[in-house]
Chemist: 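Pasting a structure below so you can have a look.
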Amino acid sequence: MPSVSERYEGLGVGFAPYLQPPGPEIVRWTVGEPGFDTPTEIIETAVQGLKNGQTKYTRGAGSKELCQSVADYLAKHHGIEVSWEDVVVTPGAKQALLYSFLITTMPGDEAILLAPSWASYEPMLEFIGAVPVHVPVNMGNFHPNMDAIRNAITDKTRMILINSPCNPTGAVFTPEEVEEIVEIAVENDLWIVSDEIYGRMVWVDWPHVSPFTVPGGSERTIVINGWSKSWAMTGMRVGFLTGPTEAVRAAMKSQANSASHIPTFMMEAARVALQCDESVELFNQEYLKRREIMVDGLASIPGLRVPEPEGAFYVFADITGTGMTDIEFADRALEAGVQLIPASLVNGGEGFIRISYATEESEIHEGLRRIRSWLDGE
Ligand SMILES: Cc1ncc(COP(=O)(O)O)c(C=O)c1O
C-alpha cells in the first residue's frame, strides 16, 4: 500500500480520545452537545424540504433567503451589520473555521491561540501548515493577558483567534478586553478570527461583544458562528461565516472547491431556526439551572476549585487540590462511572478538567453522586 501523506503524522484529534461513547452505564459529562431535542419546526421544515425535492445542487454560499436571514439575525442579536452577499453558510462552524484559517495564514505563518483553547484549533492550523502559538490566559478568571499577547507577536504573526464565550473555560471577555484585542490587531495589522458559536449563552451582566463591531474591527475580523449549540442542531451540520468582502470571496472559493454547499433541504430549516427565539431562551433557562446544580455540586467536593462559568455550557475546574493529575482524575472518574475531559489534552489546561453541563439534569445529579462516593472512599 502506498504511504499516507506526511501531513497526518502526529496530527492531533482534539478531545476525541475522551469523547468515545462509553457503555450506557456511564454518565457522560464530555460532549459539547445540547441535551435537548432539535425544535420540531426545524425538523419539519427539513423533512418538508426533502419531500419537495430540495435534493439538488444549489447556490454555494447558501440561498439568498438564508443568507439574508443570517445578516438580519447578526444585526438584531450581535450588532453586526453585513450584506447578505457577505455571508457563507458552511457544513458546521468547523468548516467555516478551516476556511478562515486558510484565508488568514500561509504555511509557516503564526496564529495566536489563547490557551487553553478549544481542542480542534491547534490540529486544524497544523493541518494547513500554520503554526499555533499558545498564549496563556490569566488562570484565575480565564480572561486574556494583554501583555502576554503583545509579547507573543512576531513578524510571522498573521492572526489572533478569540472564542468568547469560551470552550473550554466558559470565560466571556469584557467589551474593554475585546476593544484592546482589536487595538493590538490594528497596531500589528493582524486578522482576527472570532468564533462566536456560544454568543447567545452569556450568564454575566456584561454582553458578548464581537470584535467586528469595535472600531477598526470590521475590516479585519472573520466572524464564525453556527446552529449547533443554541438550536440543538449539532448533527445537522450548519454554520456560517461573515467578514470583510475579500475574505468572504475567498471563503466562497474554498467552499466551491471542497464542500460545494450545505444540504439544499437544510437551507430553509436553518432559516426557520433563526426565528426560534423562544427555544433558544428556553434552552438558556435550562442551562442556567443546570449550571447552578453542577457548580454548587462540584464546589462542595473537597479538593476542587470551581470558578463560576460566565458563558457557554462548560465548567473548567481545577482539580490539583485532590493530589491527582487531570489525566488520573479523568481515568479514575471513568472507573467511578463518569466520563469527563482532562484538560491537559490541550496546551495550558494542565490540572483542570472540562465538564459539559449541557447534559440532562438527572445525569448531573447522578454524576455528582458517583464522584462524591468515589472521592469519599479515598
Ligand atoms: C468553540 C467551538 N467552535 C466550533 C465548534 C464546532 O461547531 P459545529 O458543530 O458547528 O462544527 C464547537 C463545537 O464543539 C466549539 O465548541
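A quick note: this is a predicted structure, and the numbers were derived from the prediction, not measured. Whatever order the structure lists them in is the order used to number ligands and atoms, beginning at 1.
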Chemist: Which residue and atom name correspond to the protein heavy atom nearest atom 6 (C) of ligand 1, and how close is it?
Modeler: Trp118 CH2, 3.6 Å

Chemist: Under 4.5 Å between any side-chain heavy atoms of Pro39 and Phe283, yes or no?
Modeler: yes

Chemist: Quick check on contacts: which atoms of ligand 1 are under 4.0 angstrom from a heavy atom of Tyr121?
Modeler: 1 (C)

Chemist: Considering only heavy atoms, does Lys229 approach ligand 1 within less than 4.0 Å through its side chain, its backbone, both, or neither?
Modeler: side chain

Chemist: For ligand 1, which atoms sit closer than 4.0 Å to a heavy atom of Lys94?
Modeler: 11 (O)

Chemist: Among all protein heavy atoms in this structure, tell me which lies nearest to atom 10 (O) of ligand 1, with the distance rounded to 0.1 Å.
Modeler: Ala93 N, 2.7 Å

Chemist: Under a 4.0 Å heavy-atom limit, does Phe240 contact ligand 1 with its side chain, its backbone, both, or neither?
Modeler: neither

Chemist: Just distances here: any N/O of Thr234 and N/O of ligand 1 closer than 3.5 Å?
Modeler: no

Chemist: Looking at ligand 1, does Phe15 have a heavy atom less than 4.0 Å from it?
Modeler: no

Chemist: Can you check whether Tyr73 and Trp231 have ring centres sitting under 6.0 Å from each other?
Modeler: yes

Chemist: Any pair with a residue in residues 323-355 that passes ring pair (Phe, Tyr, Trp, His ring centres under 6.0 Å), sequence neighbours left out, goes on the list, sorted by first then second residue, please.
Modeler: Phe142-Phe352, Phe316-Phe352, Phe329-Trp374

Chemist: If the threshold is 4.0 Å, N to carboxylate O, is there a salt bridge linking Glu328 and Arg332?
Modeler: no

Chemist: For ligand 1, which atoms sit closer than 4.0 Å to a heavy atom of Gly92?
Modeler: 10 (O), 11 (O)

Chemist: If we count only N and O atoms by modelled type, under 3.5 Å, do the side chains of Glu196 and His78 hold a donor and an acceptor together?
Modeler: no

Chemist: Distance to 0.1 Å, residue and atom name: give those for the protein heavy atom nearest to atom 1 (C) of ligand 1.
Modeler: Asp195 OD2, 3.3 Å

Chemist: Could you list which atoms of ligand 1 come closer than 4.0 Å to a heavy atom of Asn167?
Modeler: 1 (C), 15 (C), 16 (O)

Chemist: Taking 4.0 angstrom as the limit and counting only heavy atoms of Tyr198, give me the atoms of ligand 1 inside it, by number and element.
Modeler: 1 (C), 14 (O), 15 (C), 16 (O)

Chemist: For the pair Arg249 and Glu246, find out whether any cationic side-chain nitrogen is under 4.0 Å from an anionic carboxylate oxygen.
Modeler: no

Chemist: Nearest 0.5 Å please: distance from the CD atom of Gln54 over to the CD atom of Glu268.
Modeler: 7.0 Å

Chemist: Do Asp86 and Thr242 have side-chain N/O donor and acceptor atoms under 3.5 Å apart?
Modeler: no

Chemist: Side-chain donor-acceptor pair under 3.5 Å between Asp195 and Tyr121, yes or no?
Modeler: yes

Chemist: Can you name the atoms of ligand 1, numbered from 1 with element, that are less than 4.0 Å from a heavy atom of Arg237?
Modeler: 8 (P), 9 (O), 11 (O)

Chemist: So which bit of Ser228 gets within less than 4.0 Å of ligand 1, heavy atoms only: side chain, backbone, both or neither?
Modeler: side chain

Chemist: Tell me whether Arg59 is salt-bridged to Glu65, with the criterion being a basic N under 4.0 Å from an acidic carboxylate O.
Modeler: no

Chemist: Just jot down the ligand 1 atoms closer than 4.0 angstrom to any heavy atom of Asn163, in number order.
Modeler: 1 (C)

Chemist: Which heavy atom of the protein is the closest neighbour of atom 7 (O) of ligand 1, given with residue, atom name and distance?
Modeler: Ile197 CD1, 3.4 Å

